[in-house]
Participant: 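My questions all concern the structure below.
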Amino acid sequence: MAIEQMEIILKYFGDFTQQQLNQFKALEPLYKDWNSKINIISRKDIDSLYEKHVLHSLSIAAAFDFPDGAEIIDIGTGGGFPGIPLAIFFPEKHFHLVDSIAKKLKVVEAVAKEIGLQNITTQHTRAEEIKGRKFDFAVSRAVAPLKDLWTWSKPLLKNPVPIATGTKISNLKSSPGLICLKGGDLAQEISESTTRPRIREISEIFPEESFREKHILYVPRSRSGISICLTTIT
């Protein structure tokens, strides 16, 4: 069953190592087992794990190529999304998965251990309580309004390097910032956040019915801490 479900991932990505393939294949039985004990994924979605959770998380990988050695914090990771799929996809990057609910992190840690995932750490805390650490990027998957996500993530982001005059806008993709997955009409939420994110429709990346009205938002951090106004992720 897991192999059949994996086809939706292989439809869009084709350069996985055997280890990555094995790690992805192992996710479905592991999450189904844990979900029978702890409700971390909606019962109606567990049979669509690879499409609605894994592929959804990997939309970030399709839009962003994190620089070597990047450190990424997953705010409100829940059962490990988007952090675990991204950690499998980017084995040379480090992911710090944070959640305020300990039992969810128990699942994350067990899944990571079972599939031999070495590039993640976890922390039982709220993002706003983290002190003394800085990250290249913050990622999150619909855990809070954009206003709150930006308030929490901004102090955790490294300052960007100075950008030379004439730098192409596409090169700003690697600037530290918040990347979050959102759905629906975001006009009011964006307005209330006072940020001006770059937005991309996930259905443009993965033309699947389940991704209609689903978006990737990217708020780059400027040196002053104010978000930079850009229009599209390229």
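Side-chain atoms are counted along with the backbone in the values below, which use heavy atoms only and exclude waters and symmetry mates. Position 1 is the first residue of the sequence, and the numbers go up from there.
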Participant: Return yes if some donor-acceptor pair links the side-chain N/O of Ser175 with the main-chain N/O of Pro160 below 3.5 Å, else return no.
Facilitator: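 No, because the side chain of Ser175 does not come within donor-acceptor range (under 3.5 Å) of the backbone of Pro160.
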
Participant: Could I get the full list of ring pair (Phe, Tyr, Trp, His ring centres under 6.0 Å) partners for Phe95, not counting sequence neighbours?
Facilitator: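 With neighbours one apart ignored, the set is empty.
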
Participant: Could you tell me which non-hydrogen atom of Ala110 sits nearest to which non-hydrogen atom of Trp34, and how far apart they are?
Facilitator: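 Answer, listing the atom of Ala110 first, then Trp34: CB-CZ2, 3.5 Å.
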
Participant: How many angstroms lie between CG in Leu217 and CG in Leu181, if you round to the nearest 0.5 Å?
Facilitator: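 So the gap between those two atoms works out to 9.0 Å.
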
Participant: Apply side chain to side chain contact (heavy atoms under 4.5 Å, CB included) to residues Phe211 and Ile205 and explain how you reach the verdict.
Facilitator: CA-CA 9 Å; Phe211 295 134; Ile205 305 171; over 6 Å; no

Participant: Take the angle between the ring planes of His53 and Phe81 and call it parallel below 30°, perpendicular above 60°, tilted in between.
Facilitator: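 It falls in the tilted class, 30° to 60°.
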
Participant: Describe, in one word, how the ring planes of His96 and His94 are oriented to each other, choosing from parallel (under 30°), tilted (30 to 60°) and perpendicular (over 60°).
Facilitator: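 Ring orientation of His96 relative to His94: parallel.
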
Participant: Between Ala87 and Leu117, what is the shortest heavy-atom contact and its length?
Facilitator: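 For Ala87 versus Leu117, the nearest heavy atoms are CB-CD2, 3.8 Å.
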
Participant: Can you name the one residue among Lys214, Arg141, Glu51, Glu208 that meets side-chain hydrogen bond (donor to acceptor under 3.5 Å, both in side chains) with His56?
Facilitator: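 Among Lys214, Arg141, Glu51, Glu208, the one that satisfies the side-chain hydrogen bond (donor to acceptor under 3.5 Å, both in side chains) with His56 is Arg141.
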
Participant: Mark yes or no for whether Ser191, through its side chain, and Ala187, through its backbone, hold a donor-acceptor pair below 3.5 Å.
Facilitator: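 Answer holds: no.
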
Participant: Can you confirm whether more than 12 heavy atoms, excluding those of Lys37, are under 6.0 Å from its NZ atom?
Facilitator: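 Counting neighbours around NZ of Lys37, more than 12 heavy atoms of other residues, nucleotides or ligands fall under 6.0 Å, so yes.
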
Participant: Do Phe89 and Val54 come within less than 4.5 Å of each other through their side chains, counting heavy atoms only?
Facilitator: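 Sidechains of Val54 and Phe89: no contact.
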
Participant: Please round to the nearest 0.5 Å and tell me the distance separating atom CG of Asn35 and atom CZ of Arg43.
Facilitator: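 CZ of Arg43 is found 5.0 Å from CG of Asn35.
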
Participant: Quick one, Val219 and Lys154 - any side-chain contact, counting heavy atoms below 4.5 Å?
Facilitator: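 A side-chain contact under 4.5 Å is absent here.
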
Participant: What's the shortest heavy-atom distance between Ile115 and Gln23, and which atoms?
Facilitator: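 Ile115 and Gln23 have their closest heavy atoms at O-NE2, 3.1 Å.
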
Participant: Does the side chain to side chain contact (heavy atoms under 4.5 Å, CB included) test come out yes or no for Thr77 and Val98, once each step is laid out?
Facilitator: CA-CA 6 Å; Thr77 189; Val98 173; 6.0 Å; no

Participant: Please check if the number of heavy atoms outside Lys147 that lie under 6.0 Å from its NZ is greater than 12.
Facilitator: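 Not more than 12 within 6.0 Å, no.
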
Participant: How would you list, by chain and number, every residue that makes a side-chain contact (heavy atoms from CB on, under 4.5 Å) with Glu192, sequence neighbours excluded?
Facilitator: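 Partners of Glu192 under the side-chain contact (heavy atoms from CB on, under 4.5 Å) test: Gln188.
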
Participant: Closest heavy-atom contact between Gly78 and Asp99?
Facilitator: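 Minimum heavy-atom separation between Gly78 and Asp99: N-OD2, 2.8 Å.
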
Participant: Looking at CD1 of Ile120 and CD1 of Ile72, how far apart are the two atoms once the value is rounded to the nearest 0.5 Å?
Facilitator: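 Going from CD1 on Ile120 over to CD1 on Ile72, the span is 12.5 Å.
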
Participant: Contact between Ile75 and Phe135 at the side-chain level, heavy atoms closer than 4.5 Å - yes or no?
Facilitator: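 They are not in side-chain contact.
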
Participant: In terms of ring plane angle, is the pair Phe64 and Tyr218 parallel, tilted or perpendicular, where the classes change at 30° and 60°?
Facilitator: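 Rings of Phe64 and Tyr218: perpendicular, over 60°.
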
Participant: To the nearest 0.5 angstrom, please state how far the CG atom of Leu178 sits from the OG1 atom of Thr195.
Facilitator: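 Those atoms lie 8.0 Å apart.
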
Participant: Once rounded to the nearest 0.5 Å, what's the spacing between atom CZ of Phe13 and atom CZ of Phe206?
Facilitator: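 Result: 4.0 Å between the selected atoms.
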
Participant: Among all residues two or more places apart in sequence or in another chain, which pass the side-chain contact (heavy atoms from CB on, under 4.5 Å) test with Lys103?
Facilitator: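 For Lys103, the residues satisfying side-chain contact (heavy atoms from CB on, under 4.5 Å) (neighbours in sequence not counted) are Ile38, Ile101.
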
Participant: Salt bridge check, Lys93 against Asp68: does any charged N sit closer than 4.0 Å to a carboxylate O?
Facilitator: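 Salt bridge present between Asp68 and Lys93.
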
Participant: Evaluate the side-chain proximity of Trp150 to Thr194: yes if any heavy-atom separation is below 4.5 Å, no if none is.
Facilitator: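 The answer is no, as the side chains (C-beta and beyond) never meet within the 4.5 Å cut-off.
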
Participant: Within the side chain of Tyr50, is there an N or O that forms a donor-acceptor pair under 3.5 Å with the backbone of Phe24?
Facilitator: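 Looks like yes, one N/O pair under 3.5 Å.
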
Participant: Does Glu28 come within less than 4.0 Å of Lys25, counting only side-chain N to carboxylate O?
Facilitator: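 Lys25 and Glu28: not salt-bridged.
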
Participant: Should we say atom CD of Glu114 is surrounded by more than 12 heavy atoms from elsewhere, each under 6.0 Å from it?
Facilitator: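 Atom CD in Glu114 is not crowded, with 12 or fewer foreign heavy atoms closer than 6.0 Å.
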
Participant: What's the shortest heavy-atom distance between Leu149 and Cys180, and which atoms?
Facilitator: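 Taking Leu149 first and Cys180 second, the nearest heavy atoms are CD1-CB, 4.1 Å.
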
Participant: Do Phe66 and Ile60 make a side-chain contact, defined as non-hydrogen atoms from C-beta onward lying under 4.5 Å apart?
Facilitator: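 Yes, close enough: below the 4.5 Å cut-off.
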
Participant: What's the spacing between Ile179 CD1 and Asp74 CG if we round to 0.5 Å?
Facilitator: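 If we round to the nearest 0.5 Å, Ile179:CD1 and Asp74:CG are 11.0 Å apart.
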
Participant: Grab the two heavy atoms, one from Asp136 and one from Ala70, that are nearest each other, plus how far apart they are.
Facilitator: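 Shortest heavy-atom contact: OD2-CA, 3.4 Å.
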
Participant: Are side-chain heavy atoms of Asn159 and Arg221 found at a separation under 4.5 Å?
Facilitator: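 Result yes, sub-4.5 Å side-chain heavy-atom pair found.
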
Participant: If we only count heavy atoms from C-beta on, is the Asn119 to Glu92 side-chain gap below 4.5 Å?
Facilitator: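 Asn119 vs Glu92: side chains apart.
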
